Amino acid sequence: MKIIGLVSILCAVGAVAAIPTQSLHFGSIAARANTTSLVGYLGVFFLGNDPNIYFYLSNGNDAISFSALNGGNPILVPTLGTGGVRDPSIVSAGGADSGKKWYITTWDASQRNGSLSIFIWESTDLINWGTERLVQVENDDAGMVWAPDAIWDANKGQYLVHWASRFYPANDTNHTGTSGADMIRYAYTSDFVTFSTPQTFIDYSPTSVIDLCILSLGNGSYARFMKNETATNVFMERSDSGLFGTWTRPGGATAIVRSSVEGPYAYMDNLVAGNVTLILDYFNGDGYHPFTSNDLNVDDWADANRTNFPVGLRHGSVLSVTQDQYDALSAMWG
Ligand SMILES: *[C@@H]1O[C@H](CO)[C@@H](O)[C@H](O)[C@H]1NC(C)=O
Ligand SMILES: *[C@@H]1O[C@H](CO)[C@@H](O)[C@H](O)[C@H]1NC(C)=O
Ligand SMILES: *[C@@H]1O[C@H](CO)[C@@H](O)[C@H](O)[C@H]1NC(C)=O
Ligand SMILES: *[C@@H]1O[C@H](CO)[C@@H](O)[C@H](O)[C@H]1NC(C)=O
Ligand SMILES: *[C@@H]1O[C@H](CO)[C@@H](O)[C@H](O)[C@H]1NC(C)=O
Ligand SMILES: *[C@@H]1O[C@H](CO)[C@@H](O)[C@H](O)[C@H]1NC(C)=O
Ligand SMILES: *[C@@H]1O[C@H](CO)[C@@H](O)[C@H](O)[C@H]1NC(C)=O
Ligand SMILES: *[C@@H]1O[C@H](CO)[C@@H](O)[C@H](O)[C@H]1NC(C)=O
């Protein structure tokens, strides 16, 4: 039986269920170990010099040890747009589709001006992804749609999809003048086909912010990570009052996790309750490095052992998988 569970599987999942009461305490990370049969992790990344989508499977149930699938060749190559994608995010379905459907969202790598759409692949087995669709989510006065990601909002019963955009004055139709700061925008969708009118989620003007990732801690509590594009660092915020609640920065208003990084992505450990892995992309260096924490009420991330974390992985995401899923991925591309 497949029990992918409704329990904060990854950054992109907000549904909460079946968390043992004793593992919940205010502002802390809800345990999901032993409530599911998660035996490993699927990592979905792009590589800097090759904007296609690559899959990596964990070596056993180890959150910081991965090997390339498909001999290191891409799994998904876009057929639409300009033929390159960046920043893939794998999103677990919520609600009735929980454990039965996954989405991968990305954006067009080379068409920055005028690319207001996101690419979407859809799968019911993590193996067959079909052909992507390209859906416009942003208004015409936006300069771009970068790094789309999504989280199931259980309160709303829909996915909250978010991305980064910047805007030009309405009369600057050629987008040659000065734009506003990069901000995080969002829309709701039930099916990744039709999206609500986009709205602003995070506006820290004049600071530009991009690359938002949201981790559900269960219980209406969340951690979110984003890049200060002005300073090129990544910082963390916490909310105990929902996705649109009050967000504060553990460690104080100027606290950051690390500098010279982007593409933050956080995921819960399958085995160690409360243990979170955060990966940060050293975009001018050798790609993702893993960090670890077991208390997201403080801004204290230790370097994790990178020995078995592949070099050169760029902005992507990680999904916990069951034995059936692990075996299927391994059989198909291992
Ligand atoms: C847009 O309007 C502003 C304010 O009237 C003006 O200063 C600016 O030059 C205009 N930009 C373009 C591209 O026409
Ligand atoms: C946009 O560019 C075109 C072609 O260069 C030009 O004819 C047009 O006047 C420009 N529009 C604005 C608002 O600057
Ligand atoms: C941006 O896209 C618009 C609409 O396609 C086009 O008119 C304009 O020339 C482009 N601007 C730049 C700087 O490429
Ligand atoms: C981003 O970094 C700049 C430069 O260090 C700083 O002035 C600004 O306050 C930061 N913004 C946020 C939202 O952290
Ligand atoms: C989470 O659950 C605990 C225990 O039931 C409760 O004390 C706490 O207020 C809850 N937190 C939120 C944000 O709902
Ligand atoms: C899960 O079960 C194992 C074996 O009973 C135990 O050692 C471990 O501490 C448990 N983990 C959690 C998070 O409760
Ligand atoms: C998380 O778990 C891993 C593996 O057991 C361990 O090496 C790491 O130190 C843990 N992180 C924290 C913050 O305890
Ligand atoms: C890191 O992991 C490797 C491989 O498991 C191991 O050989 C090495 O001792 C570890 N380093 C540290 C500092 O724990």
Side-chain angles (χ1 to χ4, degrees), residues 8 10 23 28-34 38-41 58-66 113-114 140-143 164 166-185 200-213 215 217 223-239 246-262 264-280 289-309 318 320:
S8 47
L10 74 165
S23 70
S28 78
I29 299 155
R32 62 109 188 268
N34 293 355
L38 301 172
V39 305
Y41 306 85
S58 63
N59 300 307
N61 209 345
D62 185 339
I64 53 173
S65 176
F66 286 87
N113 172 31
D140 290 337
D141 55 343
R166 71 173 66 130
F167 295 88
Y168 292 84
N171 61 349
D172 183 5
T173 48
N174 287 344
H175 295 182
T176 50
T178 306
S179 70
D182 301 340
M183 58 181 76
I184 305 297
R185 302 266 291 168
T200 299
F201 192 15
I202 306 171
D203 179 359
Y204 284 149
S205 302
T207 296
S208 279
V209 288
I210 64 169
D211 291 354
L212 174 67
C213 156
L215 177 69
L217 306 179
R224 71 184 184 189
F225 304 84
M226 70 196 94
K227 180 188 184 189
N228 178 335
E229 179 79 324
T230 307
T232 59
N233 60 47
V234 163
F235 62 95
M236 168 174 72
E237 296 179 327
R238 284 268 294 100
S239 164
T246 304
W247 292 90
T248 55
R249 230 194 262 207
T254 60
I256 63 163
V257 180
R258 291 291 188 279
S259 56
S260 304
V261 291
E262 65 182 19
Y265 196 86
Y267 48 102
M268 293 287 185
D269 200 273
N270 290 339
L271 295 173
V272 184
N275 200 333
V276 175
T277 301
L278 172 67
I279 51 177
L280 298 173
H289 286 220
F291 300 86
T292 179
S293 169
N294 47 27
D295 183 359
L296 299 200
N297 288 317
V298 295
D299 188 28
D300 184 13
W301 292 90
D303 291 13
N305 189 334
R306 207 208 174 189
T307 305
N308 295 320
F309 201 91
V318 176
S320 290

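From a predicted model like this one, the values you see are computed outputs, not experimental measurements. Numbering of ligands and ligand atoms starts at 1, following listing order. Position 1 is the first residue of the sequence; numbering continues from there.
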Short question: side chain of Arg238, backbone of Leu296 - any donor-acceptor pair under 3.5 Å? yes
With side chains defined as the heavy atoms from C-beta onward, is the minimum distance between Val209 and Phe235 less than 4.5 Å? yes
Please answer whether the main-chain N or O of Ile202 pairs with a side-chain N or O of Thr200 as donor and acceptor at a distance below 3.5 Å. no
Could you tell me which atoms of ligand 2, counted from 1 in the order shown, lie closer than 4.0 angstrom to a heavy atom of Thr173? 13 (C)
Identify the protein heavy atom lying closest to atom 10 (C) of ligand 4, giving its residue, its atom name and the separation to 0.1 Å. Asn228 ND2, 2.5 Å
Compare every heavy atom of Ser205 with every heavy atom of Met183, then report the nearest pair and how far apart it is. CE-OG, 4.4 Å
Flag Tyr204 as yes when one of its N or O atoms lies below 3.5 Å from any N or O atom of ligand 4, and as no otherwise. no
Once rounded to the nearest 0.5 Å, what's the spacing between atom CG of Leu215 and atom OH of Tyr265? 8.5 Å
What pairs of donor and acceptor atoms, side-chain ones from residues 250-260 against any protein atom, are under 3.5 angstrom apart with sequence neighbours left out?
unit_1	atom_1	unit_2	atom_2	d
Arg258	NH1	Trp301	O	3.4
Arg258	NH2	Trp301	O	2.7
Arg258	NH2	Asp303	OD1	2.7

Hey, is Thr176 touching ligand 2 through its side chain, its backbone, both or neither, going by heavy atoms under 4.0 Å? neither
I'd like to know whether ligand 7 has Ser293 as a neighbour, heavy-atom separation below 4.0 Å. yes
Is there a donor-acceptor pair under 3.5 Å between the side chain of Asp300 and the backbone N or O of Ser293? no
Just need the protein heavy atom nearest to atom 4 (C) of ligand 4, so name the residue and atom and give the distance. Ala231 CB, 3.7 Å
Mark up the atoms of ligand 2 that fall under 4.0 Å of a heavy atom belonging to Asn171, in ascending order. 13 (C)
Under 3.5 Å between some N or O of ligand 7 and some N or O of Asn294? yes
Arg249 N/O to ligand 4 N/O under 3.5 Å: yes
Tell me whether atom 2 (O) of ligand 4 lies less than 4.0 Å from at least one protein heavy-atom position. yes
So which protein heavy atom does atom 11 (N) of ligand 7 come closest to, and at what separation? Thr292 OG1, 2.7 Å
Test item: side-chain donor near acceptor, Asn270 and Ser320, under 3.5 Å: yes
Of all protein heavy atoms, the one nearest atom 8 (C) of ligand 4 is Thr207 OG1, 3.4 Å
For the atom pair OH (Tyr41) and OG1 (Thr277), what is the distance rounded to the nearest 0.5 Å? 6.0 Å
Shortest protein heavy-atom distance from atom 6 (C) of ligand 7, along with the residue and atom involved: Asn275 ND2, 4.3 Å
Can you tell me which residue and heavy atom of the protein come closest to atom 5 (O) of ligand 7, and the distance to 0.1 Å? Val272 CG2, 4.0 Å
